[in-house]
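Structure first, commentary second.
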2 protein chains.
Amino acid sequence: MLNRFIKKLQDFGPLSVDDIAALERISAAYRRVPARTDLIREGDPPTHVIVVLEGWAQRYKILPNGTRQITAFLMPGDCCDLHVGMLAQMDHSIQTVTPARIATVPSPDMDGLLDRHRNIQKAMYRAQLTDEGTLRAWIVSMGRRTSIERVAHLMCELYLRASRIGLVLTTEFELPLSQIILADALGMTPVHINRVLKDLRSQAAMSVKRGSMVIVNPVLLAQIAGFDENYLHRRLRTPS
Amino acid sequence: MLNRFIKKLQDFGPLSVDDIAALERISAAYRRVPARTDLIREGDPPTHVIVVLEGWAQRYKILPNGTRQITAFLMPGDCCDLHVGMLAQMDHSIQTVTPARIATVPSPDMDGLLDRHRNIQKAMYRAQLTDEGTLRAWIVSMGRRTSIERVAHLMCELYLRASRIGLVLTTEFELPLSQIILADALGMTPVHINRVLKDLRSQAAMSVKRGSMVIVNPVLLAQIAGFDENYLHRRLRTPS
DNA sequence: CGGTCCGTTGAGTTTAATCAAGAAACGTGG
DNA sequence: CCACGTTTCTTGATTAAACTCAACGGACCG
């Protein structure tokens, strides 16, 4: 049974038995981490590549005025920048959202792996390009979408990403995100998020629990968001 | 006399004579492009890495409702994603802002260059990490900064980036950006940008010309923005 | 020299933030 | 297992920020 990291990379390109063995070696050592635990903090010198095997994490930054902006969610199989070891210090922090299983790969080991396994290298660069597209899509959302579109768009992104890694079992999908986290991800106040969610609930697009929410109708959300999934690079160039 | 691309890479790591010769070969063929010319459009299959040798360009995306969001500015020496050739199609467009000198490197050539020249590879990955930091900083700006802070923050970013590549000759710095471009970069309306600039002008932080603007007091802007330059990774790990 | 694009300003409207308060769920320790 | 404190969610009323609409002037271009 392959771990989420390996399974995700397989979606981005073919891997040989040897590639998979190398990935298994490198991600074999993992640790269990409680929710809301910083994996690395702004200012720390990064020495390891962080790989999320199970659970959710988030990249975030705290501003001088105390507010927080979340810049990305990491789902099972996702990892932080491959070449992060080149930096003198982190410019943001990464924290678990839920209890998680985390592998930390020493940067030199990751460099060696990329060098020796070209399939892995290609798959990882494809994954990274997708992440960058996501980053740009967030900018587009924050700049040019209304608050309800913005919420719906994030939901679509998360739903689609979750689908691809086999996390969506029915048409519905439960996210482990509180309204406070959503607010910090979308640049709004929790109060306003709450009102937007109320609206989406009344349209039967989603329902809300304490500390999490359920996407009931992703198609409707996509319509509200004006969602274009191209940015997630569903259609990568056929791997050669 | 080395071109801007090579000079920029030298800032990110030491290059040998051989490295430099290879970079010169690859960027020797360039073309002059007028302002407001699309270099590549959303939906196009990317086959070349775009390198800006002179002038400014921007990444942008047009939404279904016709609005535009700019997600990045490319300055002399900057290039688009190295591995862009892996994608089936672009999820955004890239356009010149000013008249520019552009080199387009076929993706396989770029791959070969990175393979054969590890110094170049390292320098480029460092540059790319910096770009990603910039992307995240934009998200933070859009989500959690007031409009005046947001404008001031972008000005600081651009001033600092321009300084590093030797584009700032006095303490002042002229940017070739219209208020419309600024508005589309910062997720505001041109009308509101105009009022914010008026405010910054009255504080003697900047002045404005038609189609461009001048940063008069970058220190004051940094103060207004709450600017933290760490995200631009001034202090990279000492190249080894 | 007429047209177009950009910048500027004012007035009115919309959107989202702020302030405030209470309810419901959760966690912990006795 | 219950009591208590804490966090999250919810709602209403008010304020602040930014957008929209509209109009006009100046600069640049052919």
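Note that the structure is predicted; figures quoted are calculated from it, not measured. We name chains A, B, ... by the order of the sequence lines, and we start the count at 1 in each one.
Overall bending of the helix from C:dC1-D:dG30 to C:dG30-D:dC1, expressed as the angle between end axes built from five pairs apiece, is 50° (10° steps).
Although no hydrogens or angles enter the test, the distance criterion places a donor-acceptor pair under 3.5 Å between the side chain of B:Asn65 and the main chain of B:Thr67. Checking side-chain atoms of A:Arg101 against main-chain N and O of A:Val52 turns up no donor-acceptor pair under 3.5 Å. Of the possible donor and acceptor atoms, none in the side chain of A:Tyr30 sits under 3.5 Å from a partner among the backbone N and O of A:Val51. A donor-acceptor pair is defined here as one N or O able to donate and one able to accept, closer than 3.5 Å; such a pair exists between the side chain of B:Asp78 and the backbone of B:Met75.
Close to D:dT8, at under 4.0 Å from its OP1 or OP2, lies no side-chain N or O of A:Ser178. The shortest distance between the side-chain N/O atoms of A:Gln179 and the OP1/OP2 oxygens of D:dT7 is not below 4.0 Å.
No hydrogens or angles were tested; on distance alone, a donor-acceptor pair under 3.5 Å links the side chain of B:Arg210 to the base of C:dC5.
Counting non-hydrogen atoms under 4.0 angstrom, A:Arg144 reaches nothing in the nucleic acid.
Between B:Thr96 atom OG1 and B:Ile102 atom CD1 the span is 7.0 Å, to the nearest 0.5 Å. The CG atom of A:Asp81 lies 4.5 Å from the CD atom of B:Glu132; values are rounded to the nearest 0.5 Å.
Among all heavy-atom pairs drawn from B:Gly85 and B:Ser107, the shortest one is CA-OG, 3.4 Å.
Distance CG (A:Asp184) to C1' (D:dT8): 13 Å, rounded to an integer number of Å. Rounded to whole Å, atom P of D:dA17 lies 11 Å from atom CD of B:Glu149. Counting to the nearest Å, the C1' atom of D:dA17 and the CE atom of A:Met188 are 16 Å from each other. Nucleotide D:dT10 holds its P atom 11 Å from the CD1 atom of A:Ile180, rounded to whole Å.
Between the side chains of B:Glu174 and B:Ser212, a donor-acceptor pair is found at a separation under 3.5 Å. B:Asp38 and B:Ser93 are not linked by any side-chain donor-acceptor pair at a separation below 3.5 angstrom, with hydrogens and angles left out of the test.
Proximity of residues 189-205 of chain A to DNA chain C (heavy atom under 4.0 angstrom from any strand atom) is restricted to A:Thr189, A:Val191, A:His192, A:Arg195.
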